[in-house]
Amino acid sequence: MFDNSDGGVGIELRELTKRYPGQSAPAVDNISLDVPAGELVVFVGPSGCGKTTTMKMINRLIEPTSGSIHIGGEDVLKMRPDELRRHVGYVIQQIGLFPHLTIAQNIGVVPKLLGWSKTKITDRVDELLGLVGLDAAQFRSRYPRQLSGGQQQRVGVARALAADPPVMLMDEPFGATDPITREHLQNEFLRLQRELRKTIIFVTHDFEEAIKLGDWIAVLRDGSHIAQYDRPARILGAPADDYVAGFIGAAATLKRLALIAVDDARFAGDAPVPANGLPEIDGAATLREALDAMVAGGTEEVVAVSGDMRRLLTYHDVCRTVQSEGQEVEHSVR
Amino acid sequence: MTFTEYVQSRSDELTQAFGQHALVVAASMAIATVLGVGIGLITWRRPRLSGLAIGMSSGFLTIPSFALLGLLIPVLGLGWTPTVFALTLYSLLPIIRNTVVGLRGVDAAIVEAGRGMGMSSFRVLWRVQLPLAWPLILTGIRVSTQMIIGIAAIASYVAGPGLGNQILDGLSRLGSANSLNEALAGTLGVVILALLCDLFFLIVRRLTSSRGLRVR
């Protein structure tokens, strides 16, 4: 359906509007936005701002009043809705697994609709269960009610990925899980997305989640108006207005630290690493975690370990890193 | 003659009455199931229409069975026809109501997930909503069956088939030879039929509802 050969498809929204009869203000008012191929864009905004409505217009669960939607250059509004939806992955907060079908049957719904052979579906189901970290032999014949919430949501993601759609729509997929499970699911999902590089629109009202997962963030206000659409670091470093700043909340700098890997920090350089006594931190960890380790250890230095390399990361390195990133942000915003 | 001796001496007659009783109930239930589930499927999305259907079918239930059967004589005559007609009317309410309630009770998120994956609305109804509502619909059918097994006994008043003939005849000549035995045999037959039907539905439920709905 979508030409996926050059490694992904982008989504273009143009002057997209949804007006419900009998309501004075449109639910979605004239939104135009490009989602680059293979990247994850988070729509973040308060409840009722129209972010979910905007997303549901893309797979036409809600029909737009006016405007256009193109996926990979193709006009979505000219397609048959059912056919379109078979090629757009869809994950919702309530998961919506079919309780009367086994996990394998649940994941196989779209491939079956597309007329895949039985053996192809079985192989794909096992592959997907592995991909989302569930043991196929153990889970394929179980029923949804026999699974925990976190496991069900993994199956929900696997089901959306079943026919390998180039585009995924995700509506607060991890919103109903407890904080620990959510963190797990987010991390696994990030790992998966780095591998799969789907074009994803992800809706949430949780700004922390947006920063963590988004390649881009669109902060939306009422009527799905875009308050700011930019890279997470830029939104944190240079919020467009008070509304966005309010959404970021306090401790914006700490949140920015969470976006920078220890390996990418500006190391002062040649300081010798003391033999012992300092806390160690993995190079793949974030500067926020490094700072946490410093505070916890009552020290201004930690040892950054990346492979065989051991470097001394100081409190001043952390400050210098975030300040220089801030300058870059301001520079590029200007 | 003791009760056992009576049953043995009239076993042919009783077996035939039992069979006819079962048959008239089965025929009425078959029609009522098709009608009731059909009406439920058509009306469940429209509260006003389903309200009307449920209201009317519960209206039927308020008509005393004796009166309904009698009133049907001028229209449908005697025998099987008025019996099946009346029994069908009586069994509609639980079936329609449970179909409507069952379909409405399916989690909206499940329906949305189905639509979002590109299932047509008919496919969602047939493959998702109906299977999920099925245990409740089946309960409605079972309740109706139990109810009309009893009502069917009154059908002998319009010369209908079944064990009602034994009960009515026995009671009308109470005091004469074997009258009590006859009425008791008819009653016992009805009770046995009811128990067998219940067992039948237990098995049908087991066979036709997904294990996924029963686990945990």
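Below, chains carry the letters A, B, ... as their sequence lines are ordered, and counting in each starts from 1.
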- Interface moiety of A:V91 toward chain B, non-hydrogen atoms closer than 4.5 Å: neither
- Task: Kindly compute the distance separating CD (B:E112) from OH (A:Y90), expressed to the nearest 0.5 Å.
- Result: 3.5 Å
- Flag yes if more than 12 heavy atoms outside A:R124 fall under 6.0 Å of its CZ atom; otherwise flag no. yes
- Message: If you count every heavy atom of other residues, nucleotides or ligands that lies below 6.0 Å from A:H70 atom NE2, does the total exceed 12?
- Response: yes
- Under 4.5 Å from any heavy atom of chain B - which part of A:L114: neither
- Message: Around atom CG of B:L207, are there more than 12 heavy atoms from other residues, nucleotides or ligands closer than 6.0 Å?
- Response: yes
- Does a side-chain heavy-atom distance below 4.5 Å link A:F98 with B:P131? no
- Heavy-atom distances under 4.5 Å only: say whether A:L97 touches chain B with side chain, backbone, both or neither. backbone
- Would you check if A:P99 and B:L213 make a side-chain contact, meaning some heavy-atom pair closer than 4.5 Å? yes
- What distance separates A:H100 NE2 from B:R127 CZ, expressed to the nearest 0.5 Å? 8.5 Å
- Under a 4.5 Å cut-off applied to non-hydrogen side-chain atoms, are A:D82 and B:R115 in contact? yes
- Message: Surrounding CZ of B:F200 (heavy atoms of other residues, nucleotides or ligands, distance under 6.0 Å), is the total greater than 12?
- Response: no
- For atom CZ of B:R104, is the number of surrounding heavy atoms from other residues, nucleotides or ligands below 6.0 Å larger than 12? yes
- Please indicate whether A:R14 has more than 12 foreign heavy atoms, meaning atoms of other residues, nucleotides or ligands, lying under 6.0 Å from its CZ. yes
- Message: Suppose the criterion is ring pair (Phe, Tyr, Trp, His ring centres under 6.0 Å): which pairs have a residue in residues 139-161 of chain B, not counting sequence neighbours?
- Response: B:F66-B:Y157
- Message: Which one wins on heavy-atom pair count under 4.5 Å against chain A: B:A108, B:S120, B:S121, B:S209?
- Response: B:S120
- Message: Testing the basics here: between B:M117 and A:R86, what is the closest heavy-atom pair and its distance to 0.1 Å?
- Response: O-CG, 3.4 Å
- Any chance CZ of B:R205 has more than 12 other-residue heavy atoms, nucleotides or ligands included, within less than 6.0 Å? no
- Quick one: what part of B:R211 sits under 4.5 Å from any heavy atom of chain A, side chain, backbone, both or neither? both
- Query: Of the listed residues (B:A109, B:G116, B:S210, B:A113), which shares the most heavy-atom pairs with chain A below a 4.5 Å separation?
  - Reply: B:G116
- Message: Taking every non-hydrogen pair under 4.5 Å, which of A:R159, A:R142, A:Q94 racks up the most with chain B?
- Response: A:R159
- Hey, which residues of residues 42-52 of chain A are touching chain B, say heavy atoms under 4.5 Å apart? none
